[in-house]
Amino acid sequence: MFPNKRLRRLRGSSSLRDLVRETQLSPDDFIFPIFITHGKNIKREISPMPGIFQFSVDLLEEEITELLEIGIKGVLLFGIPSVKDELGTDAYSDNGIIQQAIKKIRSVSQQLIIISDICLCEYTDHGHCGVLENFTVDNDKTLSLLSEMALSHAAVGSDIIAPSAMMDGQVKSIRSALDNANMHSTPIMSYSAKYASSFYGPFRVAAESEPKFGDRKSYQMDPGNIREAMLEISQDIEEGADIVMIKPALAFLDVIAKVRNTFDLPIAAFNTSGEYSMLKAASQNNWINGPNVMKELLTSIKRSGSDLIISYHSKEIIKLLNEKYS
Ligand code: PBG
Ligand code: ZN
């Protein structure tokens, strides 16, 4: 005890602090989400998400080249199709928006990890994540469409399939569809504990996917629940998930920590659009130091136990981390 023990001894210089720091962010931790829209020559900034754009397929090459130069390992794709319909047909059509984007990205790079978000809300005219039956989402009818979507993305070169519709049995259904098509090696990163969160607001502007009526509370999780998150996660692992995700990240760090203490497979955390927008708004007003707060928040996500971080800050943080060593 004091005075023999003085915890300040190891805080005396920045080199000492560097030596004993427990949690380090690495460029390898980050995945960057990209919004791909129909049309030509489009690079459109998303108003609640400064610095984040919708791209048309023809402008993707430039963006991907920049990401490769920065040294990013993976991207997560979201699509805005030209036509939305009741069954979200574009999601599993051979010439769908994401199918085009995957082919384009593959032609630019073999190395970049392409992750496909598998959900129907960006493709349905009603904006819900699955097929409607009497104004509610029908779980079992949705499963076969999600599997079709996953197969269609994997067939053109997606590296990781990421089901995000929160339908029961979606991992099992997609795993067996992939296996039947001889794609045993394609991993599934499941949005296992995805909460019905208001942090997705800016994303729904970006992806034009706001539900036309009601909300997602009958399929996404209630924010008060952590035991239920453990059930979702263990079920997804049993169904064949290779990576499990918790989403959003910052308001659910306790969930990430508990999952880390219970399971040994890789954990992904989704640092969502609303988390990004809040930081940007405060930073643009000079109310906080944006880069410092960004680093502190991302460090908290890693410290809580995440292995992968999906973040709109990925470019900025990797540049910041790279500066330190240059
Ligand atoms: C699709 C999906 C959403 C997000 C990722 N995949 C939106 C939603 O469920 O409404 C949110 C991502 C973000 O807020 O950054 N279901
Ligand atoms: Zn959805």
Side-chain angles (χ1 to χ4, degrees), residues 30-36 46-54 75-81 84 86-88 90-92 97-98 115-132 136-139 142-143 145-146 149-150 153 160-168 170 174 188-223 232 245-252 268-280 297-298 301 308-314:
F30 291 94
I31 293 164
F32 188 59
I34 306 184
F35 297 99
I36 297 131
I46 296 145
S47 69
M49 302 180 74
I52 302 295
F53 300 82
Q54 294 178 336
V75 291
L76 174 59
L77 305 184
F78 296 101
I80 301 114
K84 303 191 185 212
E86 207 185 333
L87 297 176
D90 190 272
Y92 38 89
I97 185 76
I98 292 296
I115 308 174
S116 295
D117 184 90
I118 302 297
C119 193
L120 296 180
C121 52
E122 293 132 62
Y123 306 91
T124 51
D125 51 14
H126 45 74
H128 277 286
C129 299
V131 182
L132 291 185
T136 56
V137 174
D138 187 288
N139 192 86
T142 302
L143 292 181
L145 297 186
L146 294 174
M149 182 179 182
H153 287 191
I160 300 181
I161 295 300
S164 78
M166 287 300 281
M167 295 299 121
D168 289 324
Q170 63 184 12
I174 290 171
I188 294 178
M189 174 166 83
S190 180
Y191 286 69
S192 303
K194 178 175 179 180
Y195 287 90
S197 167
S198 293
F199 282 105
Y200 310 155
F203 172 96
R204 292 180 190 167
V205 174
E208 303 169 18
S209 63
E210 186 69 28
K212 294 289 180 303
F213 67 90
D215 53 41
R216 304 207 200 290
K217 291 179 184 167
S218 79
Y219 39 103
Q220 298 180 347
M221 285 180 49
D222 189 289
E232 282 283 3
M245 193 198 297
I246 291 126
K247 176 183 172 209
L250 293 171
F252 298 89
F270 202 134
N271 179 218
T272 54
S273 56
E275 298 165 71
Y276 177 86
S277 301
M278 285 198 305
L279 203 165
K280 284 292 167 196
L297 289 176
L298 293 171
I301 297 173
L308 298 75
I309 303 175
I310 299 159
S311 178
Y312 302 97
H313 294 295
S314 293

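When reading the values below, keep in mind they use all heavy atoms of this one structure, side chains included, and skip hydrogens, waters and symmetry mates. Each ligand, and each atom within it, is numbered from 1 in the order the structure gives.
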Has E275 got any heavy atom lying under 4.0 angstrom from an atom of ligand 1? no
Numbered atoms and elements of ligand 1 in range of S164, under 4.0 angstrom, heavy atoms: 1 (C), 6 (N), 16 (N)
N/O to N/O below 3.5 Å, does that happen between T272 and ligand 1? no
In degrees, rounded to 10 degrees, what angle do C119 atom SG and C129 atom SG make at the Zn ion (ligand 2)? 100°
Could you list which atoms of ligand 1 come closer than 4.0 Å to a heavy atom of K247? 2 (C), 3 (C), 4 (C), 5 (C), 6 (N), 11 (C), 12 (C)
From K194, E122, R204 - option closest to atom 2 (C) of ligand 1 by heavy atom: K194
Give the numbers and elements of all ligand 1 atoms closer than 4.0 Å to a heavy atom of C121. 1 (C), 16 (N)
Taking only non-hydrogen atoms of F78 and a 4.0 Å limit, the atoms of ligand 1 in range are 5 (C), 6 (N)
Mark yes when over 12 heavy atoms from residues, nucleotides or ligands other than K217 sit less than 6.0 Å from its NZ; otherwise mark no. no
Between Y219, F199, F203, which one has a non-hydrogen atom sitting closest to atom 7 (C) of ligand 1? F203
Could you tell me whether Y200 and ligand 1 have an N or O pair separated by under 3.5 Å? no
Ligand 1 versus S273, non-hydrogen atoms closer than 4.0 Å: side chain, backbone, both, neither? both
